Each structure stands twice: as structure tokens, then as C-alpha cells.
Amino acid sequence: MRITVIEHEAEAGLGYLGGWLGATCEVVRPYLGEDVPERAADGLIVLGGAAAAWEDERSPWQPATRDLLRRAVDEATPTLAICLGAQLLTMACGGTVERGAGGLEVGACEVVTLPEAATDRLLSGVGTAVAIQYHQDAMTRLPDGAVPLMTGSPYPNQAYRLGEAAWAVQFHPEATPEIFASWTAESDLEAAEELNAQVKAAERALVTTWRPVAQAFADVVRAAARP
């Protein structure tokens with residue numbers, strides 16, 4: 001079982017997912033000149049990054065990544081799109097991503113499952129949970145056919161499913177407290193130390209909530225990869 005991973009920058013890697021998935025992750029690093037493939041392996045993960053989903057001049061590989069995501073949805077390749085990845089998936093499939101009116105959402109924040117998540121293969125049973133956030137752009141209109149799965153404040157579109165096996169999450173289930181602290185270290189956030197402490201205090205809850213979700217995604221990939 002092989003999962004193609006698109007990593008947009010070194011500071012936003014697989015984090016927890018590297019140990020939780022139990023799969024061979026083939027990481028593509030286009031910021032180092034590696035080509036985004038036309039098709040994923042048995043599964044696809046597209047990670048986060050600092051660029052906006054429409055800033056193709058800043059990240060010239062984004063059009064190819066959107067094409068990859070669109071093809072994965074069309075071909076029912078199991079896909080997990082995270083933060084920027086979720087926004088790229090949204091744009092690739094006809095939705096809208098804009099600068100968020102609510103400003104920066106950052107830190108250990110509450111997200112809540114919607115009724116449609118009750119039977120979802122990844123998010124059923126999550127309920128109200130804490131998730132790491134770090135974004136200022138928002139998915140303001142989801143693609144046609146998307147099933148909203150999680151919500152929050154100030155940004156309601158926190159997770160959705162599209163097609164048979166593609167999931168988009170605005171938050172960062174992969175981010176460890178150490179990864180989050182590396183992001184705030186490069187920022188001008190006045191509350192960086194407080195935010196780091198909040199995320200560190202939530203570490204057990206983060207692992208308890210998101211490790212089963214990652215393992216459920218791996219199960220979807222495994223099932224799809226069987227001949």
C-alpha cells in the first residue's frame with residue numbers, strides 16, 4: 001500500500017501521520033523541483049502550506065496539484081486534503097476559496113461534527129473535538145455534491161467529503177505541538193507562547209481524536225488497493 005504525499009514546504013510535513021498510517025508514504029517535494037505526478041499511488045495526501053490556494057505565481061506547482069486532486073476525485077482514489085490541500089481540492093472541483101472575513105484562525109480550536117458525519121468512514125464518532133488551526137483563507141463555497149461533515153467558528157466549512165473517497169479538512173490533524181511551535185516561531189503573533197502552551201496541553205486529546213481518523217483513512221486506502 002503506497003500513498004502519494006504532496007508536501008508544499010519542509011515546515012509542513014506529515015507529522016503524526018507518518019507514524020499513524022502504517023503505509024509507505026512517497027513524499028513529493030515540488031518546492032525542491034520534484035514533479036507533481038499525474039496520478040497518485042493507492043492513496044493521496046495533500047498537505048498544508050503558507051501560500052494561498054490561488055497564489056500560483058508563489059507556488060508554481062499548484063495547478064498540477066489541483067489537476068492531481070481533480071483526477072483523484074474522478075477516479076475515486078482515496079484522498080485526504082489538509083488545510084491548503086483542502087482549499088486546492090475545493091478550487092479544483094469548482095468551489096470557492098477566499099481570504100477569510102474572520103481573520104486568522106490559529107491554535108487549539110473546537111470543531112464539531114455535523115449529522116452527516118454519523119455514517120462517515122473517517123469522522124463518525126468524533127463529535128466535538130479540538131484541532132490545530134493555522135489559516136486565514138476560507139472555503140466559502142464547497143464544490144457541487146460535497147457533503148459537509150464538520151463545522152466551527154468563525155469558519156463553518158471545516159471538513160467535507162466529495163465523491164466516494166475524498167476528504168478535505170481545514171484543520172491540521174497531522175500537526176504535532178512541535179510542528180505548530182515551528183510555525184509560530186516564524187510569525188509575528190504576540191500570543192505565540194500562549195498558543196504553543198495551549199496546543200501542548202491539548203496533545204493527548206489531539207492524538208486520541210485524530211489517530212483513529214488517520215487509521216480509518218489508511219483502511220480506506222488499503223481496501224481500495226486490493227486487487
Side-chain angles (χ1 to χ4, degrees), residues 6-9 11-12 15 44-59 61-63 65-66 68-70 72-73 79-117 120 122-123 126 128-163 166-175 179-180 183-184 186-189 191-192 195 198-199 202 206 209-210 213:
I6 306 300
E7 181 184 277
H8 296 283
E9 55 189 64
E11 296 77 15
L44 172 64
I45 294 174
V46 180
L47 295 167
W54 58 84
E55 289 183 321
D56 295 351
E57 72 286 351
R58 181 175 177 182
S59 300
W61 58 87
Q62 289 191 163
T65 303
R66 291 194 296 268
L68 173 64
L69 284 160
R70 188 184 306 111
V73 172
T79 297
L80 179 60
I82 295 170
C83 199
L84 172 59
Q87 295 166 2
L88 289 167
L89 175 63
T90 300
M91 288 183 61
C93 296
T96 302
V97 180
E98 302 172 287
R99 189 70 75 202
L104 181 67
E105 183 177 24
V106 59
C109 303
E110 183 178 280
V111 289
V112 183
T113 51
L114 295 166
E116 292 83 354
D120 186 72
L122 265 58
L123 297 173
V126 170
T128 298
V130 63
I132 290 180
Q133 300 274 13
Y134 206 129
H135 71 103
Q136 59 180 341
D137 300 332
M139 304 178 291
T140 55
R141 184 175 63 85
L142 301 184
D144 291 346
V147 179
L149 298 173
M150 299 197 78
T151 190
S153 178
Y155 297 112
N157 291 322
Q158 288 292 336
Y160 69 85
R161 185 180 67 249
L162 185 63
W167 287 266
V169 296
Q170 180 58 77
F171 47 88
H172 287 276
E174 86 292 358
I179 287 175
F180 180 80
W183 297 341
T184 62
E186 298 178 358
S187 74
D188 56 359
L189 290 169
L195 290 167
Q198 290 172 354
V199 168
L206 293 169
T209 300
W210 303 117
V213 172

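Computed from heavy atoms alone, side chains included, the values below leave out hydrogens, waters and symmetry copies. Being a predicted model, the structure only gives us computed values, none of them experimental.
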Just checking, is any N or O donor in the side chain of E105 or Q170 under 3.5 Å from an acceptor N or O on the other one? no

Evaluate the side-chain proximity of L189 to V106: yes if any heavy-atom separation is below 4.5 Å, no if none is. yes

Where G49 and E9 come nearest, the two heavy atoms and their spacing: CA-OE1, 3.6 Å

If we only count heavy atoms from C-beta on, is the T140 to N157 side-chain gap below 4.5 Å? no

Could you check whether any side-chain heavy atom of V97 comes within less than 4.5 Å of a side-chain heavy atom of W54, counting everything from C-beta outward? yes

Do the non-hydrogen side-chain atoms of I132 and V199 ever get within less than 4.5 Å of each other? yes

Begin with the C-alpha distance, continue with both residues' side-chain angles, and end with the deciding distance and a verdict on side chain to side chain contact (heavy atoms under 4.5 Å, CB included) for E174 and I45. CA-CA 11 Å; E174 86 292 358; I45 294 174; over 6 Å; no

Pick from L114, T113, V112: which one makes a side-chain contact (heavy atoms from CB on, under 4.5 Å) with M150? T113

Restricting to non-hydrogen atoms, name the atom on L195 and the atom on G107 that form the minimum distance, rounded to 0.1 Å. CD2-CA, 4.0 Å

Which residue is it: Q136, H135, Q133? I am looking for the one with a side-chain contact (heavy atoms from CB on, under 4.5 Å) to L104. Q136

L89 side chain reached by V46 side chain, heavy atoms, under 4.5 Å: no

Spacing of CH2 belonging to W167 relative to CG belonging to L149, to within rounding of 0.5 Å: 9.0 Å

If you measure from NE2 on H8 to CG on L47, what distance do you get to the nearest 0.5 Å? 7.0 Å

Candidate pair V147 and L162, rule side chain to side chain contact (heavy atoms under 4.5 Å, CB included), full reasoning: CA-CA 6 Å; V147 179; L162 185 63; over 6 Å; no

Ignoring hydrogens and angles, state whether a donor on the side chain of T151 or Q158 is under 3.5 Å from an acceptor on the partner side chain. no

Minimal heavy-atom distance between A168 and A86, with the atoms involved, is CB-CB, 3.7 Å

For the residue pair D56 / W61, report whether a side-chain donor-acceptor contact shorter than 3.5 Å exists. no

Exam field: side chain Q87 to backbone L84, donor-acceptor pair closer than 3.5 Å: no

Steps toward side chain to side chain contact (heavy atoms under 4.5 Å, CB included) verdict (I6, L68): CA-CA 10 Å; I6 306 300; L68 173 64; 4.0 Å; yes

Is it the case that T90 and Y160 place a side-chain donor and acceptor less than 3.5 Å from each other? yes

P148 to E116 - nearest heavy-atom pair and separation: O-CB, 3.5 Å

Give me the atom names and distance for the closest heavy-atom approach of C93 to P143. O-CB, 3.3 Å

Would you confirm whether Y155, through its side chain, and M139, through its main-chain N or O, come within 3.5 Å as a donor-acceptor pair? no

Is the side chain of R70 donor-acceptor paired with the backbone N or O of M91 at a distance under 3.5 Å, no angle test? no

On the 0 to 90° scale, with breaks at 30° and 60°, tag the W210-F171 ring pair as parallel, tilted or perpendicular. tilted

Would you say P173 and I82 make side-chain contact, with heavy atoms under 4.5 Å? yes

Does the side chain of V130 reach to within under 4.5 Å of the side chain of C109, using non-hydrogen atoms? no

Taking all non-hydrogen atoms of both residues, which atom of L123 and which atom of A159 are closest, and how far apart? CD1-CB, 4.0 Å

